Amino acid sequence: MTTARPRRVPQRRIAETVAAELRTRILAGEDGYRLPTQEQLVQEFGVSYPSIREALRILETEGLVTVRRGSVGGAEAHRPDEASAAYHLGLVLQGGRVTLRDLAEGLRMLEPMCAAECARRQDRLEEVVPALAANVEASAALVADGVAFTRTAREFHDLLVSFTPNATVRYMVSSLVALWSAQEESWAEVLTRRGEYPSPAEAESAVRVHRRILDEIAAGRAPEAERVYRSHLAATQRLLLDHFDDGVVNASSAGARQAVRSARGTRI
């Protein structure tokens with residue numbers, strides 16, 4: 001009878017085990033969590049440097065760490081946010097050849113529900129209304145600047161979704177809104193260069209609708225807030241889709257723009 005020889009565990013499997021443990025720590029940790037050095041990880045897990053480097057590469061492809069090379073190198077941990085969620089969802093939609101018109105239709109189904117849920121919040125007058133009101137006033141001051149107005153007016157939608165009480169809905173819809181917002185901002189830049197951007201009067205009309213939505217939320221009229229929001233969303237989407245071809249969702253442009261938005265500290 002022969003004794004079975006011990007089989008060596010593949011380096012990739014070891015790296016995946018280490019990556020799984022580090023992933024759990026990053027997701028469960030506080031903001032600003034710092035990974036141990038590679039030397040410390042080698043000592044802690046009792047594995048080789050190549051296994052640790054492979055584990056870090058796995059986490060880097062997931063967007064959970066950034067590995068800096070050189071004399072000041074190291075691994076910086078990142079908790080997932082709406083930017084990374086939008087980017088990865090965008091990759092799925094782009095890979096599935098999902099069109100921007102399809103994305104717009106999906107948003108018309110889901111985003112207006114967030115307005116209704118904000119109107120149902122018992123603390124809406126303290127938490128929701130002041131933030132939305134400040135955004136409306138900021139938008140009103142920018143009606144003559146097409147690109148700046150679009151960016152600020154889009155933040156009204158971002159803010160409203162961010163106040164949706166249900167976390168699952170909030171993160172899901174915010175990712176879709178982020179994809180659309182990135183495209184809308186790039187469209188605004190193109191239209192402004194062409195001199196075709198909607199007039200200040202049309203921008204003022206959008207501000208009035210935002211005020212109406214805000215009033216319905218403040219009054220707690222959820223069905224009306226949802227109805228007005230859906231009608232407004234359809235109108236703004238139609239304005240842009242009529243100017244541009246119905247192309248496929250582009251995750252790359254969304255990823256680049258959301259990195260900028262993330263740096264501004266968009267609330268979720």
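All heavy atoms count here, side chains included; hydrogens, waters and symmetry mates do not. Nothing here was measured: the structure is a model prediction, and the numbers come from that model.
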Is there a donor-acceptor contact under 3.5 Å from the side chain of [X] to the main chain of [Y]?
X: Thr236; Y: Leu233; value: yes
X: Thr17; Y: Arg13; value: yes
X: Arg221; Y: Glu216; value: no
X: Glu21; Y: Val18; value: no
X: Ser174; Y: Tyr171; value: yes
X: Ser139; Y: Asn135; value: yes
X: Ser51; Y: Val47; value: no

Can you find a pair of side-chain heavy atoms, one from [X] and one from [Y], that are under 4.5 Å apart?
X: Arg170; Y: Asn166; value: no
X: Phe149; Y: Val207; value: yes
X: Ile217; Y: Leu160; value: yes
X: Arg154; Y: Trp180; value: yes
X: Pro165; Y: Arg121; value: yes
X: Val67; Y: Arg53; value: no
X: Val98; Y: Gln94; value: no
X: Cys114; Y: Val169; value: yes

From [X] atom [atom1] to [Y] atom [atom2], the distance as rounded to the nearest 0.5 Å:
X: Leu41; Y: Leu22; atom1: CG; atom2: CG; result: 5.5 Å
X: Leu91; Y: Leu93; atom1: CG; atom2: CG; result: 9.0 Å
X: Met109; Y: Leu176; atom1: CE; atom2: CG; result: 11.5 Å
X: Arg124; Y: Cys118; atom1: CZ; atom2: SG; result: 10.5 Å
X: Leu27; Y: Arg79; atom1: CG; atom2: CZ; result: 7.5 Å
X: Ile26; Y: Arg34; atom1: CD1; atom2: CZ; result: 12.5 Å

Looking at every heavy atom in both [X] and [Y], which two are closest together, and how far apart are they?
X: Ala131; Y: Leu159; answer: O-CD1, 3.9 Å
X: Ala86; Y: Ser175; answer: CB-O, 3.6 Å
X: Pro200; Y: Ala144; answer: CG-CA, 4.4 Å
X: Leu142; Y: Ala148; answer: CD1-O, 3.9 Å
X: Val65; Y: Leu56; answer: CG2-O, 3.5 Å
X: Ala116; Y: Ala222; answer: O-CB, 3.5 Å

*With no hydrogens and no angle check, do the side chains of His78 and Thr66 hold a donor and an acceptor under 3.5 Å apart?*
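The criterion, which ignores hydrogens and geometry beyond distance, is satisfied for Thr66 and His78.
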
*Using the six-membered ring wherever Trp is involved, compare the ring planes of His210 and His157 and label them parallel, tilted or perpendicular (cut-offs 30° and 60°).*
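The arrangement is perpendicular - the two ring planes meet at more than 60°.
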
_Residues Met113, Tyr229; criterion side-chain contact (heavy atoms from CB on, under 4.5 Å); working and verdict_ = CA-CA 9 Å; Met113 293 190 302; Tyr229 195 98; over 6 Å; no

_salt bridge (Lys or Arg N to Asp or Glu O under 4.0 Å): pairs with one or both residues in residues 106-117, sequence neighbours excluded_ =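 Of all non-adjacent pairs touching residues 106-117, those that pass salt bridge (Lys or Arg N to Asp or Glu O under 4.0 Å) are Glu117-Arg120.
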
*For residues 128-143, which residue pairs qualify under salt bridge (Lys or Arg N to Asp or Glu O under 4.0 Å), counting only residues two or more places apart or in two chains?*
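Residue pairs with at least one partner in residues 128-143: Glu137-Arg211.
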
_NZ/NE/NH1/NH2 to OD/OE distance under 4.0 Å, Arg57 and Glu54_ =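 Yes, this pair counts.
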
*asked:* Can you tell whether the side chains of Arg23 and Glu62 come within less than 4.0 Å, N to carboxylate O?
replied: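 Here Arg23 pairs with Glu62 in a salt bridge, since their nearest N and O are under 4.0 Å apart.
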
*Transitive ILVMFWY side-chain link Phe156 to Leu125, under 4.5 Å*: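 Looking at the clustering, Leu125 is in the same group as Phe156.
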
*Joint cluster assignment, Val92 & Val249, ILVMFWY side-chain distance < 4.5 Å*: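 Not linked; separate clusters.
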
*Test log, rule side-chain contact (heavy atoms from CB on, under 4.5 Å), inputs Leu214 and Val129*: CA-CA 7 Å; Leu214 175 60; Val129 171; 3.9 Å; yes

*side chain to side chain contact (heavy atoms under 4.5 Å, CB included) against Arg230, all qualifying residues, sequence neighbours excluded*: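 In terms of side chain to side chain contact (heavy atoms under 4.5 Å, CB included), with neighbours along the sequence ignored, Arg230 is linked to Pro112, Glu226.
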
*When you look at CD of Gln122, are more than 12 heavy atoms from neighbouring residues, nucleotides or ligands closer to it than 6.0 Å?*
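Incorrect, the count does not exceed 12.
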
